[in-house]
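Below: the structure, in structure tokens.
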Protein chains: 2
Amino acid sequence: MSKKDDQALQLDAQLCFPLYAASNLLTRLYRPLLDELGLTYPQYLVMLVLWEQAPASVGELSQKLYLDSGTLTPLLKRLEAAGLVRRRRSAEDERRVEVSLTPKGLALKKQAQDIPGAMGCRIGLGAEEFVSLRSELRGLMHLLGEAHAKI
Amino acid sequence: MSKKDDQALQLDAQLCFPLYAASNLLTRLYRPLLDELGLTYPQYLVMLVLWEQAPASVGELSQKLYLDSGTLTPLLKRLEAAGLVRRRRSAEDERRVEVSLTPKGLALKKQAQDIPGAMGCRIGLGAEEFVSLRSELRGLMHLLGEAHAKI
DNA sequence: GCAATTTATATTGCACGCAATATAATTGTG
DNA sequence: CACAATTATATTGCGTGCAATATAAATTGC
């Protein structure tokens, strides 16, 4: 096993690890703010989608958030139990489940308004780095989508 | 609620989401390769650390990987059950648990040699973008560490 | 028009991640 | 040296993520 081989397996040589660790840390940083809304981080993502476009089917949520029904179904049931969303079978296609906002779910948007700003402030990332990093991550997402399709 | 407020809550405006989604997708992409080694992705990260520096205490692993004992303890027990690592209380400080590699755990490093290259190939990210993105993510990690310390 | 296939969601099982708490060993303080 | 405070790890509980499988509705092929 040469030195070069060793280097490839070093934690610091990986791209995956800072991605994984930053994602975990960022989610942790959201928690105190989201606790006030009674949401977890993935629940917050679902609400972001619904605040933009409700109703949405489970499949639409799945496609936008890259999560499958095994994750979304129980998550949506918890949002429903919290009184934030409704779930009902589509009339046209009985396979589909349409998720819509309750008045309480819509009202929660007001409480969420300050979260992006507060998080941006807490992180302290400059506007340019913010846009640049987001852009690079979108590029990576595109490549990962292609790579995943090849399997 | 103004249009500008709405925009701040759009999924596409977030930095957190592509980070979260890319991390999930990348972990999913690792799975078929790691399955051959019988490792999950976080178990792979632990092995990366140990292949560089064994033995390591739970606390050292925790610090390097940004994971707490609630995650590491059961994970290490599974690695131990798989015969890849040993766990034993430190002689000098009985609070600490030293994690070391078994011969089987060390031998697994050979099988892992090709993983970084194979993943790089699958993703198809250019060397420059790879280094650039990794560098930006490290910068973000630094900021997130500071932000987390302030809470 | 009906059987085979495809599609949409649900269920099951397992391994995280992490907050909160518990336990035990060490260190600091008088 | 006793004893409070700190430190290292373990445990508990809950909510993901996701592969594998199940179920039921819609679509396709003949």
Side-chain angles (χ1 to χ4, degrees), chain A residues 17 20-35 37-47 55-63 65-82 87-99 144 148 151, chain B residues 17 20-35 38-46 55-63 65-82 87-99 144 148 151:
Chain A
F17 173 62
Y20 164 87
S23 176
N24 285 347
L25 272 187
L26 187 53
T27 297
R28 233 179 289 175
L29 211 56
Y30 266 95
R31 186 182 299 254
L33 295 180
L34 293 178
D35 276 349
L37 310 194
L39 294 175
T40 65
Y41 179 71
Q43 287 169 7
Y44 171 67
L45 293 179
V46 168
M47 294 303 286
S57 70
V58 173
E60 285 166 337
L61 292 169
S62 171
Q63 191 204 337
L65 298 175
Y66 300 89
L67 296 171
D68 70 359
S69 69
T71 300
L72 285 173
T73 296
L75 186 157
L76 291 169
K77 284 183 178 176
R78 281 186 283 269
L79 287 181
E80 189 178 38
R87 297 159 64 241
R88 63 170 212 286
R89 291 278 164 185
S90 160
E92 311 94 63
D93 186 339
E94 287 277 344
R95 292 171 304 180
R96 295 171 38 137
V97 169
E98 297 287 341
V99 183
L144 291 173
H148 200 264
I151 299 179
Chain B
F17 173 62
Y20 164 88
S23 175
N24 286 347
L25 272 186
L26 187 52
T27 298
R28 232 179 289 175
L29 211 56
Y30 266 95
R31 185 182 301 254
L33 296 179
L34 293 178
D35 276 348
L39 294 175
T40 65
Y41 178 71
Q43 287 170 7
Y44 172 67
L45 293 180
V46 168
S57 69
V58 174
E60 285 166 337
L61 292 170
S62 171
Q63 192 205 335
L65 299 174
Y66 301 89
L67 297 171
D68 69 1
S69 68
T71 300
L72 285 172
T73 296
L75 186 157
L76 291 169
K77 283 183 178 176
R78 281 185 283 270
L79 287 180
E80 188 178 39
R87 296 158 65 240
R88 62 169 213 287
R89 290 278 163 186
S90 161
E92 313 94 60
D93 186 339
E94 286 278 345
R95 291 172 304 180
R96 293 169 39 129
V97 170
E98 297 286 340
V99 183
L144 291 174
H148 201 265
I151 299 179

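Within every chain, numbering begins at 1; the chains are lettered A, B, ... in the order of the sequence lines, protein sequences first and strands thereafter.
Counting heavy atoms from C-beta on, the side chains of A/L39 and A/L79 come closer than 4.5 Å. Counting heavy atoms from C-beta on, the side chains of A/L25 and B/Y66 come closer than 4.5 Å.
A/L67 places its CG atom 17 Å from the P atom of C/dA8, with the value rounded to the nearest Å. Atom CG of A/N24 and atom C1' of C/dA19 are 14 Å apart (whole Å). Atom OH in A/Y20 sits about 7 Å away from atom C1' in C/dC16, given to the nearest Å. Rounded to a whole Å, the CD atom of B/Q43 is 14 Å from the C1' atom of C/dG17. Rounded to whole Å, the distance from CZ on B/R31 to C1' on C/dC16 is 10 Å. As a whole-Å value, the separation of B/R28 CZ from C/dA15 P is 19 Å. Between A/D93 atom CG and C/dT7 atom P the separation is 12 Å, expressed in whole Å.
Classification of the A/Y41-B/Y20 ring pair by plane angle, with boundaries at 30° and 60°, yields perpendicular.
Counting non-hydrogen atoms under 4.0 angstrom, B/E92 reaches the backbone sugars and phosphates but no base. Residue contacts shown for B/S57 are limited to sugar-phosphate atoms, with no base heavy atom under 4.0 Å away. At a threshold of 4.0 angstrom between heavy atoms, the contacts of A/Q63 with the nucleic acid are absent. Heavy atoms of A/G70 sit under 4.0 angstrom from at least one base atom. Residue B/T40 is in sugar-phosphate contact alone, with no base atom involved, counting any heavy-atom pair closer than 4.0 Å across all strands shown. As judged by a 4.0 angstrom heavy-atom cut-off over every strand, B/D68 is placed among the base-contacting residues.
In this structure, A/D68 contributes its side chain and A/T71 its backbone to a donor-acceptor pair below 3.5 Å. In terms of modelled atom types and a separation under 3.5 Å, the side chain of B/S57 and the main chain of B/E98 share no donor-acceptor contact. Within the 3.5 Å criterion, the main-chain N or O of A/V58 finds no donor-acceptor partner in the side chain of A/S62. When atom types are taken as modelled, the side chain of B/T73 and the backbone of B/S69 share a donor-acceptor pair closer than 3.5 angstrom.
Only one option out of A/R89, A/R95, A/R96 pairs with A/D93 in a salt bridge (Lys or Arg N to Asp or Glu O under 4.0 Å); it is A/R95.
Across residues 71-80 of chain A, A/T71, A/L75, A/R78 each have a non-hydrogen atom less than 4.0 Å from an atom of DNA chain D (numbered order).
Chain B approaches DNA chain D within less than 4.0 angstrom (heavy atoms of the protein), and the contacting nucleotides run 5' to 3' from D/dT7 to D/dA19.
The side chain of B/R95 places no N or O atom within less than 4.0 Å of a non-bridging phosphate oxygen (OP1 or OP2) of C/dA24.
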Quiz item: Yes or no on side chain to side chain contact (heavy atoms under 4.5 Å, CB included) for A/L61 and A/L67, after CA distance, side-chain angles and deciding distance?
Solution: CA-CA 8 Å; A/L61 292 169; A/L67 296 171; over 6 Å; no
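Along DNA chain C, the nucleotide nearest to A/R89 and the one nearest to A/T27 differ in position, and the one closer to the 5' end is contacted by A/R89.
Shown here are the side chain to side chain donor-acceptor pair (under 3.5 Å) partners of A/Q63, two or more places apart in sequence or in another chain: there are none.
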